[in-house]
Number of protein chains: 2
Amino acid sequence: MTLRDVADAASVSEMTVSRVLRNRGDVSDKTRERVFEAARTLGYVPNKIAGALASNRVNLVGVVIPSLSNMVFPDVLHGIGEALEGTELQPVVGTSQYDLQQEEKVIYEMLSWRPSGLIVAGLEHTDAARAMMRNACVPVVEVMDVDGDPVAAAVGISHEAAGRAMAAEIVARGYKNIGYLGSSSIADARAQKRYRGFEAGLAEAGITLADSIFYDGTSGFGTGRKMTQALLERTPTLDFLYYNTDMNAAGGLLYCMEKGMDIPNEIGLAGFNSFEVLDGLPMRIATMDSQRETIGRRAAELMVANELTDEVMRLEPEFLPGDTVRSR
Amino acid sequence: MTLRDVADAASVSEMTVSRVLRNRGDVSDKTRERVFEAARTLGYVPNKIAGALASNRVNLVGVVIPSLSNMVFPDVLHGIGEALEGTELQPVVGTSQYDLQQEEKVIYEMLSWRPSGLIVAGLEHTDAARAMMRNACVPVVEVMDVDGDPVAAAVGISHEAAGRAMAAEIVARGYKNIGYLGSSSIADARAQKRYRGFEAGLAEAGITLADSIFYDGTSGFGTGRKMTQALLERTPTLDFLYYNTDMNAAGGLLYCMEKGMDIPNEIGLAGFNSFEVLDGLPMRIATMDSQRETIGRRAAELMVANELTDEVMRLEPEFLPGDTVRSR
DNA sequence: GTGAAAGCGCTAACAT
DNA sequence: ATGTTAGCGCTTTCAC
């Protein structure tokens with residue numbers, strides 16, 4: 001089923017059909033009607049492959065993220081979707097599974113479709129991936145993180161600063177024996193940066209991290225619970241627990257409540273991300289809003305504007321004290 | 001940057017370059033090396049648009065789902081990804097936001113890229129969407145649900161039967177005053193089917209649903225908590241709460257525990273889906289595993305096999321009693 | 001307002 | 001083992 005078939009059915013040239021279906025140029029209302037009618041009855045679906053090759057235009061934006069299971073990224077995609085709504089552009093998602101080799105392949109695959117732009121999560125990539133991004137000749141934006149050296153444009157927060165800011169909040173509230181609970185995966189560069197920022201922030205206040213614990217696998221209530229139990233059994237003197245993500249913090253919160261601990265006085269907790277699904281826990285966890293929807297929206301806006309900048313857009317995460325930290 | 005450039009740089013024909021880059025046909029090791037070298041130094045990325053047009057092959061599988069925010073669908077995608085791993089095929093995701101008009105557009109858009117197959121969530125579509133799916137000339141599989149009339153192949157569970165089975169489990173455990181808590185959106189056809197099956201299952205045991213409550217918006221702990229509070233204030237005699245999803249059930253569980261209710265004796269709870277993140281709640285919620293990863297895997301296997309069947313593959317959800325129902 | 005010709009960058013099929 | 005030719009289904013450009 002090609003343009004030719006529709007053209008024959010409507011007794012016009014392929015060119016006229018093409019014009020009608022793209023609302024381009026002048027076509028008389030009568031002809032236009034005939035063409036629509038023919039296309040509809042034949043069930044014609046245009047071949048975008050041919051169209052893209054001929055016009056050298058592909059209205060797709062490639063989006064490369066580590067995973068869809070981590071709720072952070074669906075939220076970024078939501079922001080992207082919002083900004084692209086009403087434009088010609090459509091997002092196409094690929095996942096790297098937190099593996100830079102895999103990410104390189106996905107970027108290669110995406111660029112081979114000649115998209116109108118590329119959004120990639122993070123600043124850590126293989127050299128080959130960076131080279132491809134640099135030579136893409138379309139807007140490329142790295143999102144989530146601004147602690148590093150972007151290939152071109154970047155939109156995100158400083159995770160190092162977020163960790164540091166959280167340390168300041170905790171110290172200001174009088175907590176002293178502080179533990180960190182996070183992922184052992186070095187692939188989660190952003191969590192690592194928060195961890196380092198956190199340690200640095202504590203150090204500025206003359207405090208050393210009392211203990212820390214790391215997990216393999218996925219975050220979740222069970223993971224948070226187990227880590228918390230293990231850490232508190234090892235170091236019962238802790239009066240604050242800082243988690244790499246709210247999902248783990250929620251598990252820790254439930255554990256501490258079950259044990260009858262007095263939150264936030266005996267022990268305080270904080271996480272990261274500000275996940276809406278967790279509203280409704282017995283207490284609201286102290287956290288920082290990672291601005292992920294805004295990040296997606298801003299990145300997509302650069303695609304729409306077709307901007308080939310290397311501007312770095314730093315957003316500020318917002319501290320949300322919730323109920324699990326003492327007031328200052 | 002085209003094949004031509006690489007061919008010139010390596011002093012061979014475009015055809016030879018094409019063969020090398022696709023590992024096709026016989027090329028001498030010497031030539032092969034020269035070509036790779038040229039491609040690499042030039043940073044050549046093949047143009048899949050042109051390749052697809054010429055070969056009439058697109059190694060993409062379109063996947064149309066309602067949303068990425070509902071954790072059900074990332075899990076389906078995970079199953080699809082697993083089955084496609086190691087094949088030529090790549091998934092491309094589009095979302096309909098639970099809107100059939102939007103779904104129709106997404107399907108149209110996907111088909112216009114001439115994918116090797118199409119996976120669509122649900123059995124409810126516009127007539128135009130059904131027509132496109134029927135005429136696609138590639139494997140089309142509807143997933144999640146088998147209660148209805150599939151266009152072609154289908155892989156899923158019977159949500160009607162799932163609701164009915166849950167009713168049987170609850171009745172067998174001696175609960176009598178049963179409430180349902182779900183979504184008011186008629187767009188969530190599968191939850192509606194569970195609801196109807198549940199009512200029918202209770203009716204078979206001579207029981208009428210004592211009360212029910214519906215929410216707008218997204219599921220989550222807060223939603224589950226509020227619905228539960230409202231329902232129990234209205235009908236304090238309820239001894240069982242059946243939720244449309246585990247996320248809401250979790251909110252309900254936390255509410256009931258806070259109120260000091262004796263679970264599962266004074267009141268029982270059950271949800272649907274079996275979300276792994278929720279392992280770690282104070283009690284494991286009774287639920288049914290919606291088999292979503294298996295569904296994704298099976299559907300993708302049909303794509304790999306390039307099967308144009310209209311087979312309906314019905315999977316059986318597994319009942320998981322957890323800690324929130326009495327033992328039988 | 002409509003049509004004819006050329007060609008986008010590849011690959012299939014057929015040489016050699 | 002390598003090259004040549006034709007053409008995939010559209011859009012661009014130019015002609016009428």
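Naming: A, B, ... by sequence-line order, numbering from 1 per chain.
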To the nearest 10 degrees, how far apart in direction are the end axes of the helix from C:dG1-D:dC16 to C:dT16-D:dA1, each fit to five base pairs?
30°
One pair to check against side chain to side chain contact (heavy atoms under 4.5 Å, CB included): B:V12 and B:V27. What are the steps and the verdict?
CA-CA 11 Å; B:V12 290; B:V27 181; over 6 Å; no
Flag for A:E104-A:T126: side-chain donor and acceptor within less than 3.5 Å:
yes
Regarding B:R40 and B:E37, does a basic nitrogen lie under 4.0 Å from an acidic carboxylate oxygen?
yes
Please determine whether a side-chain nitrogen of the Lys or Arg among A:K30 and A:E33 lies less than 4.0 Å from a carboxylate oxygen of the Asp or Glu.
no
Less than 4.0 angstrom from a charged side-chain N to a carboxylate O is my criterion; do B:D145 and B:R314 meet it?
no
Who are the side-chain contact (heavy atoms from CB on, under 4.5 Å) partners of A:R22, not counting sequence neighbours?
A:M15, A:S18, A:R24
If we count only N and O atoms by modelled type, under 3.5 Å, do the side chains of A:H159 and A:Q192 hold a donor and an acceptor together?
no
Salt bridge (charged side-chain N to carboxylate O under 4.0 Å, His left out): which pairs involve residues 1-13 of chain B, sequence neighbours left out?
B:R4-B:D8, B:R4-B:E14
Can you pull the contact range of chain B along DNA chain D, 5' to 3', using atoms under 4.0 angstrom from its heavy atoms?
D:dA1 to D:dG9
Please list all pairs meeting salt bridge (charged side-chain N to carboxylate O under 4.0 Å, His left out) that have one or both residues in residues 105-119 of chain B, counting only residues at least two apart or in different chains.
A:K48-B:E109
Would you compute the distance between atom CG of A:L118 and atom CE of A:M303 and round it to the nearest 0.5 angstrom?
7.0 Å
For nucleotides 9-13 of chain C, which of its nitrogen or oxygen atoms have a protein nitrogen or oxygen under 3.5 Å away, and what is each distance?
from	atom 1	to	atom 2	distance (Å)
C:dG9	N2	B:A50	O	3.3
C:dC10	OP1	B:L3	N	3.4
C:dC10	OP1	B:Y44	OH	2.5
C:dC10	OP2	B:L3	N	3.0
C:dC10	O5'	B:Y44	OH	3.4
C:dT11	OP1	B:R22	NE	3.3
C:dT11	OP2	B:S18	OG	2.3
C:dA12	OP1	B:R57	NH2	2.7
C:dA12	OP2	B:R22	NH1	3.3

